[in-house]
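Worksheet: the structure to be examined is printed underneath.
Keep in mind it's a predicted model, so treat the numbers as computed, not measured.
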2 protein chains.
Amino acid sequence: MQTIDPNSTRGETWLARANLRPTRQRLLLADLLVGDGRDRHVTAEWLHDAARRSGDRVSLATVYNTLRAFTEAGLVQEITVDGTGSYFDTRVDDHPHFYWEDDARLTDAGTQPMEIVNLPAAPEGMEIAKVDVVIRLRAKG
Amino acid sequence: MQTIDPNSTRGETWLARANLRPTRQRLLLADLLVGDGRDRHVTAEWLHDAARRSGDRVSLATVYNTLRAFTEAGLVQEITVDGTGSYFDTRVDDHPHFYWEDDARLTDAGTQPMEIVNLPAAPEGMEIAKVDVVIRLRAKG
DNA sequence: CTCCGTGCAAATAGTTTGCAACCAA
DNA sequence: TTGGTTGCAAACTATTTGCACGGAG
């Protein structure tokens, strides 16, 4: 019987699920992303800073490469909301987002499943890969 | 009574509506955008090439500056679909788009008005500025 | 005549890549 | 050992900006 270390297990399992080699850097980033089981929407920049804050050091290029690897493995999904920068979402199903224009933050929108009536049908020979819904918010007033 | 030149009037009117000074470059780009009255989804690159093809010459920087000016004047709306490059849509109301992943093309989706049931409500103190809906298409099979 | 608009080149922001050193299997 | 991974710097792409010239009002 082995003791479970709550600090690293979650990220480790997560990486294993995608057959990604558990290197020091990947474990660190994985734990920052899913260590507490909460969904996250991060930018490469944010994740790089978070790694630093945690004391460890990872190069920015590696953060990008790693996020790309996670995306290709289906562990996260990439969301682009305005030309400058992508967000990576640890929740990978198709769901709507809030984009807070004032502070350039992305969060999940609501909790209830959303439904689109009269969703345009895919043209002949095409199929719908995904429907991106981004609700842009601004301060009222 | 004045004769109406169908080759330039539409773009001219369009610029006038936004109080934008009708320079040679702006008239050219405006006509390429709305000259035939059809809605268009263009990239800066495409518009720059189109200008060239038409014989006239406009610098790429001016194309960018001009598209920015048109956007700020509300003549077009900017749509970002994946990190690389923006599209500018001559139709400015809030409507859904098809994004053809295989050839990186953006078009209007369907003709019927779309409706979203259970659209998440804006959080306290916030209001919904816009709802971006992009339906990603890929070849079936 | 006075500014706004334009062109060019250089700057910028975000992201990717080449290559040598490194490390998990 | 060996091929996948990392770090750094340089390359890249899309876009913006500084500045001198030019044209619209």
Pairs: protein N or O with nucleotides 20-25 of chain C N or O, under 3.5 Å:
none

With the criterion being N/O to N/O and under 3.5 Å, what pairs connect the protein with nucleotides 11-18 of chain C, and how long is each?
unit_1, atom_1, unit_2, atom_2, d
C/dT15, OP1, A/Ser86, N, 2.8
C/dT15, OP1, A/Ser86, OG, 3.2
C/dT15, OP2, A/Tyr64, OH, 2.5
C/dT16, OP1, A/Arg68, NE, 3.0
C/dT16, OP1, A/Arg68, NH2, 3.1

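Pairs engaging residues 24-43 of chain A under the ring pair (Phe, Tyr, Trp, His ring centres under 6.0 Å) rule: A/His41-A/His97 [sequence neighbours left out]. Pairs of residues two or more places apart, or lying in two chains, that qualify as salt bridge (charged side-chain N to carboxylate O under 4.0 Å, His left out) and include a residue from residues 59-72 of chain B are B/Arg68-B/Glu78.
Through direct or relayed side-chain contacts under 4.5 Å between Ile, Leu, Val, Met, Phe, Trp and Tyr, A/Met126 connects to A/Phe98, A/Trp100, A/Met114, A/Ile116, A/Leu119, A/Ile128, A/Val131, A/Val133, A/Ile135, A/Leu137, B/Phe98, B/Trp100, B/Met114, B/Ile116, B/Leu119, B/Met126, B/Ile128, B/Val131, B/Val133, B/Ile135, B/Leu137. Taking a 4.5 Å side-chain heavy-atom cut-off between Ile, Leu, Val, Met, Phe, Trp and Tyr, the cluster of B/Val117 extends to A/Val117.
Scored by the side-chain contact (heavy atoms from CB on, under 4.5 Å) test, A/Val34 finds A/Trp14, A/Thr90 as partners (sequence neighbours excluded). The ring-ring contact (aromatic ring centres under 6.0 Å, His included) check on A/His48 picks up nothing, with sequence neighbours excluded. Taking B/Arg53 as the reference, B/Trp46, B/Asp49, B/Ala50 meet the side-chain contact (heavy atoms from CB on, under 4.5 Å) condition, with sequence neighbours excluded. For B/Thr84, the side-chain contact (heavy atoms from CB on, under 4.5 Å) criterion is met by B/Asp82, not counting sequence neighbours.
Close approach of DNA chain D to chain B, defined as any atom under 4.0 Å from a non-hydrogen atom of the protein, starts and stops at D/dA14 to D/dG25.
Note on the helix from C/dC1-D/dG25 to C/dA25-D/dT1: terminal axis deviation equals 30°, with five pairs used at each end and the result rounded to 10°.
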